[in-house]
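Lettering follows sequence order; numbering is per chain, from 1.
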There are 2 protein chains.
Amino acid sequence: MELAQIRMFKTVANLGSVAQASVALHCVPSNVTARIKALEAELKVSLFYRQGRGLCITPAGEVFLTYAEKILALTEEAKRAVDPTSEPSGPLRIGAIESSATSRLPPMLTKFHAQYPNVELQFKTGTWSQLVDDIQHHRLDGAIVAVNIDRPFLDNTTFFNEDLVLISSASADPIKSVKDIEGKAIFMWPEPCPYRAALATWLNQNKVKAPITSIASYGTIIGCVSAGSGISLVPKGVYEQYQSGMGLVGYEFEELVTIENRFIWRNDGGQFPALDAFTQMIKQNNHGE
Amino acid sequence: MELAQIRMFKTVANLGSVAQASVALHCVPSNVTARIKALEAELKVSLFYRQGRGLCITPAGEVFLTYAEKILALTEEAKRAVDPTSEPSGPLRIGAIESSATSRLPPMLTKFHAQYPNVELQFKTGTWSQLVDDIQHHRLDGAIVAVNIDRPFLDNTTFFNEDLVLISSASADPIKSVKDIEGKAIFMWPEPCPYRAALATWLNQNKVKAPITSIASYGTIIGCVSAGSGISLVPKGVYEQYQSGMGLVGYEFEELVTIENRFIWRNDGGQFPALDAFTQMIKQNNHGE
DNA sequence: TCCATCATTCATTCCAAGTGAATACTGACC
DNA sequence: GGTCAGTATTCACTTGGAATGAATGATGGA
């Protein structure tokens, strides 16, 4: 069974004549006859009564006609659904590093979902290297990372600039300069983490030594700092989110420069309305600030 | 777009590999590649990411896959729906003369509907010549008539034997023999009507003259007879239906033989489960009496 | 690094879809 | 009632597109 046959059958059924159908289908009547006979042979059922001029659909033909219409309508719908110029729809898989995921991204996602309800957003968090790998292997369509990735297969744009805040327990001694960090326990995300790298560079440049403990969770890091066990360097968004009621103090240093969070995505294809809409929204959002 | 392409696409999408799909489809890999590329060209969209070995479905491909599954499932369903060996379903168009329609047929139809709920029964009444014409021109699938039709394109079987009853108003003089009819007004269905023909033959044989008025409605005929305006010859079923409360008297004469009501249908094809089931039920019904 | 495996390209083969003339038939019209 | 326009169908033929098989390039694992 082929769609060409089904189209022919539908045309003949609607027009009630092989002759009229043949002009509508831009082919010769004998061809229409042959292909419909082939269809009947495959279904092992007569689709039309033949007597005198014209054809008359059989009950089985009537039943088949309803299916034919459904099938042809579905193919048209499928064509429209994958049209690259159509409205964004289908699945869109976005990833982000933890800090963006818990602070800046959620408003973005809700806004996007409100504007494009037909897009089925899927979301996951990971380290920047995991995310880049996911994008490269088509497990993700795009991601927010805090490093400036430069790969030939990736495009990127600024998402927002994130200030870093050194946090400590309010009950601990205040940190007025880098020297005050000497010997303190530091809680940071495991490598590779650009914030951790920024902090390490700063300490190295000032020849300050302090042990860094790896913790892969902002919640746990904040908990440790709040308990007075040590300090950490976190994005301002995260600090603001946890600040109240945790007894935290934040210190900003001009040497700890703001770190740019970027949205990255594959630059092949370009026939993905949902992704285009997402990058567009990010660019607009960024431009508006 | 063709079903062969859609099947190939689905296979490749499910197996994630042209090589595996080609063995599943019993063809050569290059063919799979070519046809999927043609499909992508027609849709103007990439269905798969190509990088390294294996294929990875694109978001557009994901969307198209859901349609592909639906379309293929529908074609299978259509095939099953028209299977001549399958359960009766679809439309079944039955006709009957008025007398059967109002008395003997309704229990038959309700029984059939109960047993084959998937069959969509369509029903109409008409004269036997109209009904035969409707069947010949495929506007009906079968009909009940009161004459023994012998056409090369029709099969027939006994439905039931209908006794005829001469009816008169209870307030009128009783009719003891054919002579009592002389001069009375007679109400009958218009020609061609086998009951009318039977009555006319009886009167002619006995050289009784009586004017026959044509009325194409049992309800009206009964009304006229009930009002004492004249007499009529009706099937016993109709008489019994209207008997109570209408002040009617029925007279049976052995010269007015029972008339056989028969079910007729086209004898071509034979690939129509719903019709087969109906004739089967009629034969069983008849055999049981 | 080599090698097995994969997708793809290309020239070729082959089959089924399409063609066009001939035929038989029907229904309408004079 | 006979003619004729219009119908579906059959058949031999052509053709376009699908299928093939070998060659190529690229990839990932050993």
Side-chain angles (χ1 to χ4, degrees), chain A residues 1-43 46-58 61 133-134 136-139 151-153 266 268-269, chain B residues 1-43 46-58 61 132-139 151-153 266 268-269:
Chain A
M1 194 178 347
E2 283 303 320
L3 286 181
Q5 290 175 298
I6 298 178
R7 285 191 206 100
M8 283 192 173
F9 166 76
K10 176 174 141 67
T11 309
V12 172
N14 288 339
L15 298 177
S17 147
V18 171
Q20 292 179 47
S22 68
V23 313
L25 293 165
H26 306 102
C27 71
V28 98
S30 64
N31 191 32
V32 178
T33 297
R35 304 218 59 184
I36 285 189
K37 290 228 157 200
L39 183 59
E40 291 179 315
E42 184 181 348
L43 296 174
S46 295
L47 265 11
F48 294 100
Y49 295 117
R50 276 98 166 166
Q51 63 167 24
R53 54 218 285 130
L55 295 190
C56 182
I57 197 163
T58 64
D133 195 59
D134 282 344
Q136 182 175 1
H137 293 90
H138 305 283
R139 293 185 292 264
R151 304 272 176 107
F153 59 89
R266 259 191 331 278
D268 59 0
Chain B
M1 190 174 357
E2 283 304 319
L3 286 180
Q5 289 174 299
I6 298 178
R7 285 190 205 100
M8 284 190 172
F9 166 76
K10 176 174 141 69
T11 310
V12 172
N14 288 341
L15 298 176
S17 148
V18 172
Q20 292 178 47
S22 67
V23 313
L25 294 166
H26 307 103
C27 71
V28 99
S30 63
N31 191 33
V32 178
T33 297
R35 305 220 58 185
I36 285 188
K37 290 229 158 201
L39 183 58
E40 292 179 314
E42 182 181 350
L43 297 174
S46 295
L47 263 12
F48 294 101
Y49 295 116
R50 275 98 169 166
Q51 62 165 26
R53 52 219 289 129
L55 295 189
C56 181
I57 199 164
T58 64
V132 168
D133 195 59
D134 282 344
I135 292 179
Q136 182 176 2
H137 293 91
H138 304 282
R139 291 185 291 266
R151 304 272 176 108
F153 58 90
R266 259 191 330 279
D268 58 0

To the nearest angstrom, how far is B:Leu25 atom CG from D:dA18 atom P? 15 Å
Decide yes or no for B:Arg139 and B:Asp133: does some side-chain heavy atom of the first lie under 4.5 Å from some side-chain heavy atom of the second? yes
How many whole angstroms separate atom CD of B:Gln136 from atom C1' of C:dT26? 13 Å
Could you check B:Leu55, B:Val28, B:Val18 and say which one makes a side chain to side chain contact (heavy atoms under 4.5 Å, CB included) with B:Thr33? B:Val18
Atom CG of B:Asp133 to atom P of C:dG27: distance rounded to whole Å? 11 Å
When you measure from the side chain of B:Glu40 to the backbone of B:Ser46, do you find a donor-acceptor pair of N or O atoms at a distance under 3.5 Å? no
Distance check needed: D:dG17 C1' versus B:Met1 CE, whole Å only. 18 Å
How many angstroms lie between atom CG of A:Leu25 and atom CE of A:Met8, to the nearest 0.5 angstrom? 5.5 Å
Tell me, for nucleotides 6-11 of chain C in 5' to 3' order, what letter each nucleotide earns: B for a base near a protein heavy atom under 4.0 Å, S for only sugar-phosphate near one, - for neither? SSBB--
Without decimals, in angstroms, what is the distance between A:Gln5 CD and C:dA16 C1'? 11 Å
Could you tell me how far apart B:His26 (NE2) and D:dG21 (C1') are, to the nearest whole angstrom? 18 Å
Enter the distance from A:Leu39:CG to A:Phe9:CZ here, rounded to the nearest 0.5 Å. 7.5 Å
Using whole Å, what does the distance between atom P of nucleotide D:dT9 and atom CD1 of A:Ile36 come to? 8 Å
Send over the distance from A:Glu2 CD to D:dG17 C1', rounded to a whole Å. 13 Å
Sub-4.5 Å side-chain heavy-atom contact between B:Asn31 and B:Ser22: no
